[in-house]
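Computed from heavy atoms alone, side chains included, the values below leave out hydrogens, waters and symmetry copies.
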Amino acid sequence: MSHRPSSSLPGRRSVLRGSLAASAALTLPAALGAAPAFALSGRPKAGWGVQAGDVTAHSGLVWVRSDRPARMIVETSATESFRNPTRWHGPLVGADTDFTGTTRLRGLPAGEQVHYRVLLADPDDPRRTGEPVTGTFRTTPLGRRGGVRFLWSGDLAGQGWGINPDIGGYRIYDAMAGLDPDFFLCSGDNIYADGPIAATAALPDGSTWRNITTEEKSKVAESLAEFRGNFRYNLLDENLKRFNAQVPSIIQWDDHEVRNNWYPGEVIAATDTRYTEKSVDVLAGRARRAFSEYFPVSTLRPGDKDGRVYRVMRHGPLLDVFVLDMRTYRNANSPDTQTTDPQGILGAEQLEWLKRELSRSRAVWKVIAADMPLGLVVPDTTEGRPNIEAVAQGDPGAPLGRELQLAELLRFIKHRRITGTVWLTADVHHTSAQHYQPSRAAFTDFEPFWEFVSGPLNAGAFPASALDGTFGPERVFVKAPTASNVSPAGGYQFFGEVDIDGDSGELTVRLREQDGTVLFTQVLQPGRVGQ
């Protein structure tokens with residue numbers, strides 16, 4: 001099997017060798033972590049690298065951050081020489097978006113390698129531009145030739161484990177880049193706004209973990225500036241910046257972009273003295289704005305309250321990715337034993353959207369990107385109450401609470417004979433594969449399906465979650481520590497790979513460790529309602 005023409009790979013890799021020359025010069029974390037100053041000499045700089053996101057057959061979004069007010073300019077070319085480039089005039093970036101900007105590229109050729117470079121121009125003198133920062137991505141093909149390869153994971157800089165220069169920072173991104181994926185699906189917890197990062201932490205063997213630190217990561221995020229600083233923090237890592245320049249993303253969010261286990265309408269207890277702002281809705285609004293500023297997401301614009309995270313990204317005839325938002329529209333966390341639950345974890349409107357888009361999809365494979373697992377019990381003891389954070393509540397009987405919404409969806413998929421559904425998620429800080437089978441289940445009106453879990457990228461690892469028998473899950477594979485909050489130095493950092501063969505249509509899932517070692521492989525056949 002040939003995944004794609006090999007001639008595209010050398011250009012993609014070699015263009016990156018000098019892609020971050022400008023950002024490499026910014027070696028002081030304190031300087032990078034701070035907000036831009038207005039009275040800076042010289043030319044605008046893009047020390048936080050570039051990103052591309054939500055790439056389609058003919059379009060894509062390119063992101064950058066400046067160190068001062070500047071006009072964003074993007075040039076694209078079919079080759080890394082940038083001979084006869086196409087120029088795109090982007091926004092004027094300033095303080096209102098924390099000096100970030102996104103430019104939508106349209107009319108791109110399908111199934112081709114696109115080389116791009118971002119220039120930042122002085123608003124008062126367009127001839128004064130900073131050093132260009134380059135990146136590359138592949139547009140979606142119109143046919144099946146070459147297949148599709150993408151990666152997924154989640155959970156970055158959690159539990160106080162940040163960028164550790166002693167171990168090379170976020171090394172997992174280099175292993176992922178080596179697989180040359182078409183895109184990376186980040187399944188949420190892109191930041192830990194509720195997780196301060198101290199300069200050091202003690203490890204079980206008596207050694208010391210050392211973090212790069214910034215002012216915004218010294219406390220829980222409450223202000224807009226602090227949320228923005230959380231997103232900037234991860235861009236201090238050179239591995240991540242190289243990866244962003246090479247691999248486009250599809251980004252979703254979960255709880256830690258705001259606060260652990262948050263839900264709409266939540267009020268933080270007075271006993272949690274870390275927070276002076278007690279309204280989670282206020283915090284979520286600030287987090288959402290920073291999220292929209294720091295990621296290229298096609299359905300969001302900075303400051304736009306009507307945008308949404310859930311969307312479907314189509315990748316040719318082989319793949320549609322249904323990106324869910326299991327956070328924004330959920331009901332309050334509770335013991336989750338109610339016998340009626342129209343709101344559930346998705347909300348009624350998102351559920352109807354998902355049904356509609358699944359029934360319309362003609363892709364061979366329909367990947368449902370969930371930011372939380374289905375049959376794994378995820379408790380919420382944030383306020384000292386035995387509430388449930390995800391879908392499953394541990395009762396193996398008939399569906400209750402949020403399980404009712406999942407049962408409705410699974411029944412719909414079966415009766416509409418929708419083929420090729422696969423669930424991908426992260427959140428629980430270990431990797432596993434679950435097969436759901438009606439013959440083992442209390443609720444039986446569905447077809448068998450797989451759910452694959454990966455992560456964390458760089459966070460504490462935790463023991464495997466308990467299973468709930470309502471939908472008959474069998475844990476076919478799991479790798480997890482026996483202790484809680486194992487640091488990245490102790491291993492247990494994971495990502496997953498999905499490889500779809502263009503000829504046969506077979507979908508292969510590989511669960512991988514931090515260095516890329518394959519732990520588990522599952523091959524699925526196309527054209528089946530359930531398997």
Side-chain angles (χ1 to χ4, degrees), residues 27-30 33 151 153-178 187 189-220 230 233-243 255-256 260 274 376 378-379 381-382 426-433 453-466 475 477-496 510-520:
T27 59
L28 294 177
L151 310 177
S153 189
D155 313 298
L156 185 61
Q159 290 72 49
W161 310 112
I163 303 168
N164 184 345
D166 297 338
I167 65 171
Y170 299 158
R171 294 175 298 170
I172 195 169
Y173 285 97
D174 279 350
M176 293 196 297
S187 302
D189 292 343
N190 296 271
I191 62 169
Y192 278 70
D194 57 331
I197 289 177
T200 60
L203 295 172
D205 64 0
S207 61
T208 298
W209 173 281
R210 189 166 64 94
N211 285 313
I212 290 175
T213 60
T214 64
E215 181 179 351
E216 292 91 348
K217 288 299 298 177
S218 65
K219 63 179 290 292
V220 297
N230 271 254
Y233 177 82
N234 287 328
L235 295 177
L236 298 176
D237 182 77
E238 296 296 331
N239 308 285
L240 176 55
K241 285 193 290 188
R242 284 194 300 270
F243 183 81
D255 57 333
H256 289 287
N260 187 41
R274 300 175 304 163
L376 279 63
V378 184
T381 58
T382 303
D427 182 70
V428 288
H429 296 231
H430 62 260
T431 188
S432 65
V453 179
S454 193
L457 288 160
N458 190 97
F462 287 82
S465 304
R475 186 178 277 136
F477 172 81
V478 63
K479 185 166 183 179
T482 56
S484 293
N485 197 17
V486 174
S487 82
Y492 298 102
Q493 309 293 296
F494 306 106
F495 66 94
R510 299 180 183 92
L511 301 179
R512 293 178 178 266
E513 284 192 294
Q514 175 177 271
D515 63 358
T517 300
V518 176
L519 300 170
F520 173 81

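A donor-acceptor pair under 3.5 Å links the side-chain atoms of N239 to the main chain of G168, judged by distance alone.
To the nearest 0.5 angstrom, Q159 atom CD is 10.0 Å from N458 atom CG. Interatomic distance, T213 OG1 to E215 CD, rounded to the nearest 0.5 Å: 10.5 Å. With rounding to the nearest 0.5 angstrom, the CG atom of N234 is 12.0 Å from the NZ atom of K241. Residue I191 holds its CD1 atom at 10.5 Å from NE2 of H256, rounded to the nearest 0.5 Å. For the atom pair OG1 (T214) and OH (Y233), the distance works out to 7.0 Å, reported to the nearest 0.5 Å. Rounding to the nearest 0.5 angstrom, the gap separating the CG atom in N211 from the CD1 atom in I197 is 5.5 Å.
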When you look at D194 and Y192, which way does the side-chain contact (heavy atoms from CB on, under 4.5 Å) test go after all the steps? CA-CA 5 Å; D194 57 331; Y192 278 70; 4.1 Å; yes
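Annotation for S484 and P463: closest pair OG-CD, 3.7 Å, computed over non-hydrogen atoms. Listed here is the closest heavy atom pair of S454 and S153: OG-OG, 4.2 Å. Here the closest non-hydrogen pair linking V478 and R475 is CB-CD, 3.5 Å. Nearest heavy-atom pair, L203 versus S487, reported as atom, atom and distance to 0.1 Å: CD2-OG, 3.5 Å. Of all heavy-atom pairs between Q493 and P488, the closest is NE2-CA, 3.7 Å. In terms of heavy-atom proximity, A480 sits nearest to H430 at CB-CB, 3.5 Å.
Between K479 and E513, the closest side-chain pair of non-hydrogen atoms falls below 4.5 Å. Two residues are said to be in side-chain contact when any heavy atoms from C-beta on lie closer than 4.5 Å; N485 and W161 meet this criterion. The shortest distance between side-chain heavy atoms of L156 and N190 does not fall below 4.5 Å. You'll find the side chain of Y170 reaches within 4.5 Å of the side chain of I163, heavy atoms only. Side chains of M176 and R512 form no contact here, defined as non-hydrogen atoms less than 4.5 Å apart. Using a 4.5 Å cut-off on side-chain heavy atoms (C-beta onward), V428 and S465 make contact. Between L519 and T431 there is a side-chain heavy-atom pair separated by less than 4.5 Å. Side-chain atoms of R210 and P165, non-hydrogen and from C-beta on, do get closer than 4.5 Å to each other.
Aromatic ring orientation, F520 versus F477: parallel (interplanar angle below 30°, classes split at 30° and 60°).
Of the residues listed (I172, L240, D155), the one engaging L457 in a side chain to side chain contact (heavy atoms under 4.5 Å, CB included) is I172, and it is the only one.
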